[in-house]
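Have a look at the structure below before the remarks.
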Amino acid sequence: MAYDETGRIAPVETSSGVPAAVLENVFDDPSHGEPGRDRIAVHVVWEFLLLVGLAAVTWLLWREDANALRGDALKTLLVDVAGLGLLTLAAGLSLRAAAVNLAIGPVALAAALHFAEQGDRGVREALLPALVVAALGGLALALAVVVLHVPAWAASLAGAAAVIVYIERRTTPVVVQGGYDPRRTALYLFVGFAAVAVLGGLFGAIKPVRRLVGRFRPVADPARRRGAVAATVTALALIASTVLAVLGGVLIAANGDGPVAPASGLDWSVLAIGAVMLGGTSAYGRRGGIFGTLLAVCAVEVFLAWAVTQDWTISRWAVGGATLGAGLLVTRLVETFGRPRPGGVPAGPSGDGTISTGWALTPSSEPADAWPSVLPVRDPDTVDSWESPRWESEPRRWDAGDR
């Protein structure tokens, strides 16, 4: 027995009583996860529905204004998709790591304002300082989340407040300086975003990669630490998401048709997180689709372009809130139909399985409601020598020496 015995190594067993070595290939998280492998069919079905929705809204846009899908208008639309796509990738990476980064919107807006002010110095000179500051800010956020082990949404909201203070130093909109025009490379930007989104989804569908990236996802008490590996992966995800937000903000500023107005930027966070959840990434982390992020971002941007043709004035808060609400429903579908099938684990030992850390009950052949036999059972065909009738019925023989 290995209960509270130091220096004794016992075979690791899961809560189901089956050794982890047996379940390594059927558990997504052998130590604490549900038995079985995550199912991908729900993502395939949902992404097909997203594709149908994208085709429908694209047809509506083409019917209202066919020129919106040609020439410079199409290039502008592709850059808009790439800009929102980078923010969505940032949100998706942090969500997959189960540490959502709410500061991506304010970071993107701060980067847009910085680029608008410093763009005349050149793209490289304006972009490199912003990337360095973003990496350091992401590192500070990551240390707060993984060292203190506090909820990422709370820590990133505090970081967003600090970035908003920087934004509010400007009281008037800032006209974009410099001559950088991302529309000249619109197709490359769109293809780059699409490739990263799809490849990220493909790698995320591989069990070891999905298990590694989503290791920070709580499985019991959310305040319990998940280990050094989970902390490292989560820290890298938060840093990368902050850097991606800067790149997305630069594209949004350079592709705009007017000055960059100071605001909170949280509406961009809501829109990006809503889009990635609409694409099939779970709000709880780890689970996600393959093409869902790409299709969701395209659908949102095409819808916004179609709304312009209808002369609608739609707030980004409204679109983001509706997208986030739909994404919550998708999360429920993903968690319900994407979890492992019940009963898909090899049968382990019967009884209560493992108790604590080493006490194991072995199966019993007796009924559960029967007390174990303590006294021997008497066989009626066997005559006990002490109860033989001859002691009572036979005549007594006296020894001659007793007379």
Closest non-hydrogen atom pair, [X] against [Y]:
X: C298; Y: F190; value: SG-CE1, 4.0 Å
X: V246; Y: A130; value: CG1-CB, 4.0 Å
X: V81; Y: E301; value: CG2-CB, 3.7 Å
X: G159; Y: A103; value: C-CB, 4.4 Å
X: Y284; Y: A98; value: O-CB, 3.7 Å
X: A152; Y: V145; value: CA-CG2, 3.9 Å

Contact check, side chains of [X] and [Y], non-hydrogen atoms, under 4.5 Å:
X: V198; Y: T293; result: no
X: H114; Y: Y166; result: yes
X: R215; Y: V233; result: no
X: L139; Y: L143; result: yes
X: W153; Y: N101; result: no
X: V100; Y: S156; result: no
X: E335; Y: R287; result: yes
X: P259; Y: V174; result: no

Going from [atom1] on [X] to [atom2] on [Y], what distance comes out if it is rounded to the nearest 0.5 angstrom?
X: L127; Y: L247; atom1: CG; atom2: CG; value: 6.0 Å
X: S241; Y: L86; atom1: OG; atom2: CG; value: 12.5 Å
X: W268; Y: I104; atom1: CH2; atom2: CD1; value: 11.0 Å
X: L271; Y: L266; atom1: CG; atom2: CG; value: 12.5 Å
X: Y180; Y: L251; atom1: OH; atom2: CG; value: 5.5 Å
X: T242; Y: L131; atom1: OG1; atom2: CG; value: 11.5 Å

Could you tabulate the donor-acceptor pairs under 3.5 Å formed by side-chain atoms of residues 48-65, not counting sequence neighbours?
residue, atom, partner, partner atom, Å
T58, OG1, L54, O, 2.7
E64, OE1, Q310, NE2, 3.4
D65, OD1, N67, N, 3.2

With R184 as the cation and Y188 as the aromatic partner, state whether NZ or CZ is under 6.0 Å from the six-membered ring centre and within 45° of the axis. no
Go through the steps for V45 and F337 under the test side-chain contact (heavy atoms from CB on, under 4.5 Å), then give the verdict. CA-CA 11 Å; V45 174; F337 298 103; over 6 Å; no
Under a 3.5 Å distance rule, please check whether [X] uses its side chain to pair with a backbone N or O of [Y] as donor and acceptor.
X: R96; Y: A237; value: no
X: T323; Y: A275; value: no
X: Q177; Y: Q118; value: no
X: R170; Y: P262; value: no
X: R183; Y: T76; value: no
X: R286; Y: R211; value: no
X: H43; Y: G292; value: no

Please determine if E117 and R169 form a salt bridge, counting it only when a charged side-chain N lies under 4.0 Å from a carboxylate O. no
Give the intermediate values and the outcome of side-chain contact (heavy atoms from CB on, under 4.5 Å) for residues M277 and V330. CA-CA 7 Å; M277 288 173 58; V330 176; over 6 Å; no
Between L84 and D80, is the side-chain contact (heavy atoms from CB on, under 4.5 Å) condition met? List the steps. CA-CA 6 Å; L84 178 60; D80 285 337; over 6 Å; no
Would you check, one step at a time, whether the test side chain to side chain donor-acceptor pair (under 3.5 Å) holds for R332 with T336? CA-CA 6 Å; R332 185 67 268 154; T336 301; 3.2 Å; yes
Might you confirm whether atom CZ of F291 has over 12 heavy atoms from other residues, nucleotides or ligands at distances under 6.0 Å? no
Determine, stepwise, if the pair V297 / F193 fulfils side-chain contact (heavy atoms from CB on, under 4.5 Å). CA-CA 11 Å; V297 171; F193 154 66; 4.1 Å; yes
By salt bridge (charged side-chain N to carboxylate O under 4.0 Å, His left out), R316 pairs with (sequence neighbours left out) D267
